[in-house]
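Remarks on the structure that follows.
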Amino acid sequence: MRRILIYIRKGLKKSFDNIRNEQLKHNLLQAVPFWIGSIITGFFAVMYAKIFSWGESLLHFILNWHDWMIFIIAPIGFVLSWWLVKEFAPNAKGSGIPQVMAAVELANPKEHKKIRSLLSIKIIVFKILSSVILVIGGGAVGREGPTIQIAGSVFRKVNEYLPQWWPKISKKNMIMTGAAAGLAAAFNTPLGGIVFAVEELSKTHINYFKTALFTAVIIAGLTAQTLAGSYLYLAYPKTNDVSLMVMFPIILVAGIAGILASQLSVIMLKMNNWKKRNLKTDRANVFFLVGCALIIACVSFFISREILGSGKEIIERVLFTQDKHEDWYVPILRMLGPALSFTSGGAGGIFAPALTAGASIGSVISGIIHLTPNETNVVILGGMVAFLTGITRAPFTSAIIVLEMTDRHSLIFHLMLAGMISSIASILVSRHSLYDVLKMNFLTEIRKD
């Protein structure tokens, strides 16, 4: 393998040396690593999406065969997912977005070597394994956050493998561009990827890496579309003939979703802190995980399966069928599931579960105030933006992602309003986002070593 890499590097050097225009040569050498990273990211995003979808399908197949099996597969899934991360890749736990944010902060001359514990090939392998096992076990997690850490790892490794003669590329820009490409490929939302990099990750002026960012997002998205076909994450919900008065229920839903999302973040952080203080042994952690799994299993068996998985099927049902109004307790289940799953110590994201929670809140409130089906769709989309904003504190990213995944560009002002109201409401509960606090926790742990 090493000989092959040496041969490829020599061949590349010879090819680039034939270019007489030094400016063109420099620009190409700067661009190629981003292109390679984007193609690999697109491939990983599609393969991971297929494996994750297979995991959710396997869960439902098992439960349709015998629904009591949830009492067996949930404890096994939770414990095995946690154990894989703990033993082989501790920083693969959770979403992956806080790890990328921490890596961006560590991308400086003094600390850049610490990034490898957050972004690596090992992280990619165990991120995928742990999250898929957790979702098979009924965990309410998503794949989008993990895809971002996977993409950051891909771009970091591409940068690391560049030969000595290659022009140096900023590690920070490489990681941020990788994260944007990962989000774009995960949701098929190129603008969302760009806005995410600017709003959530970037403390660098975008002019320094805008070309690389745009190119990487486009190539990763095109690669994903080539492999998976041109698709929308959520197709085309009907939203025509909606009056301006729908703004009022959007404001109501956004305020409630923002407060609940921020409160959920606070609860999950408190659970994490409680675990650190009280669960000092592996045995104690296993008991805790089995307890969490059995709570989810009991709810699934006796109340509703809506607590399981990423929840994408719930969003599709309320947006695209006549069954638009969820039972009042579904939003509670869609917060309980992620709270227990996200704090388990296994890998898994909060993006998709947050969108589902927001959709269920919009669905319930639309039913209470008797909105038309098309008005209900608009309010549901507003709820999705609002809940995701309450978790991430990134209103523009949330609005653009939901806009692109549904292709409802006429709703841009409705969705931005939902994000703005949620952003204000969530601050009433907590000033800091879930990702910011988790990022600081990762940085504190890494800097101790």
Side-chain angles (χ1 to χ4, degrees), residues 37-62 73-74 76-100 102-103 115-158 175 178-188 193 220 223-224 227-228 233 289 308-312 338 341-353 438 442:
S38 301
I39 292 169
I40 298 171
T41 291
F43 173 79
F44 269 112
V46 172
M47 293 303 103
Y48 181 34
K50 289 183 181 297
I51 295 168
F52 198 90
S53 177
W54 169 82
E56 289 194 291
S57 299
L58 178 60
L59 169 65
H60 291 296
F61 174 80
I62 293 170
I73 60 174
I76 292 172
F78 271 64
V79 173
L80 183 55
S81 173
W82 162 80
W83 179 81
L84 284 171
V85 166
K86 174 190 164 290
E87 287 296 315
F88 301 105
N91 288 330
K93 65 184 175 183
S95 162
I97 295 174
Q99 290 94 315
V100 172
I115 294 173
R116 71 183 60 182
S117 68
L118 295 166
L119 304 173
S120 65
I121 292 174
K122 188 195 285 188
I123 290 285
I124 294 173
V125 172
F126 289 100
K127 196 83 183 177
I128 293 171
L129 278 175
S130 177
S131 60
V132 171
I133 288 169
L134 186 56
V135 84
I136 292 172
V141 293
R143 61 174 171 81
E144 294 74 22
T147 303
I148 290 169
Q149 190 179 13
I150 289 167
S153 298
V154 167
F155 272 68
R156 182 194 152 262
K157 292 305 288 185
V158 168
I175 294 166
L183 182 65
F187 280 116
N188 193 26
T223 304
L227 295 171
Y233 190 86
L289 290 167
L308 304 174
S310 65
K312 186 180 176 183
S341 306
F342 194 71
T343 57
S344 68
I350 195 78
F351 250 69
L438 292 175
F442 279 112

Supply the atom-to-atom distance [X] [atom1] to [Y] [atom2], rounded to the nearest 0.5 angstrom.
X: Ile121; Y: Ile150; atom1: CD1; atom2: CD1; value: 12.5 Å
X: Ile51; Y: Leu58; atom1: CD1; atom2: CG; value: 13.0 Å
X: Leu80; Y: Leu289; atom1: CG; atom2: CG; value: 11.0 Å
X: Phe351; Y: Ile97; atom1: CZ; atom2: CD1; value: 4.0 Å

Heavy-atom distance under 4.5 Å between the side chains of [X] and [Y], does that happen here?
X: Trp54; Y: Ile136; value: yes
X: Thr223; Y: Thr41; value: no
X: Tyr48; Y: Val132; value: yes
X: Lys93; Y: Phe442; value: yes
X: Leu59; Y: Ile73; value: yes
X: Val100; Y: Leu119; value: yes
X: Phe52; Y: Pro146; value: no
X: Phe43; Y: Ile40; value: no

Whether the side chain of [X] engages the backbone of [Y] through a donor-acceptor N/O pair (distance < 3.5 Å, no angle test) should be reported.
X: Gln99; Y: Asn91; result: yes
X: Ser81; Y: Ser130; result: yes
X: Ser341; Y: Ala140; result: yes
X: Glu56; Y: Leu308; result: no
X: Ser153; Y: Ser120; result: yes
X: Arg143; Y: Ala186; result: yes
X: Ser53; Y: Lys50; result: no
X: Lys127; Y: Ala92; result: yes

> Using 30° and 60° as the class limits, which term best fits the ring planes of Phe126 and Phe88: parallel, tilted or perpendicular?
Replying inline: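 Ring orientation of Phe126 relative to Phe88: parallel.
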Heavy-atom closest contact ([X] atom, [Y] atom, distance):
X: Ser344; Y: Phe78; result: CB-CD2, 4.0 Å
X: Gly142; Y: Ser310; result: CA-CB, 4.4 Å
X: Ala179; Y: Ile148; result: CB-CG2, 3.7 Å
X: Leu134; Y: Ala347; result: CD2-O, 3.5 Å
X: Pro338; Y: Ile350; result: CB-CD1, 3.7 Å
X: Ala151; Y: Gly178; result: CB-O, 3.1 Å

> Does a sphere of radius 6.0 Å around NZ in Lys122 hold more than 12 heavy atoms from other residues, nucleotides or ligands, not counting ones at 6.0 Å or beyond?
Replying inline: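 Open: at most 12 neighbouring heavy atoms sit under 6.0 Å from NZ of Lys122.
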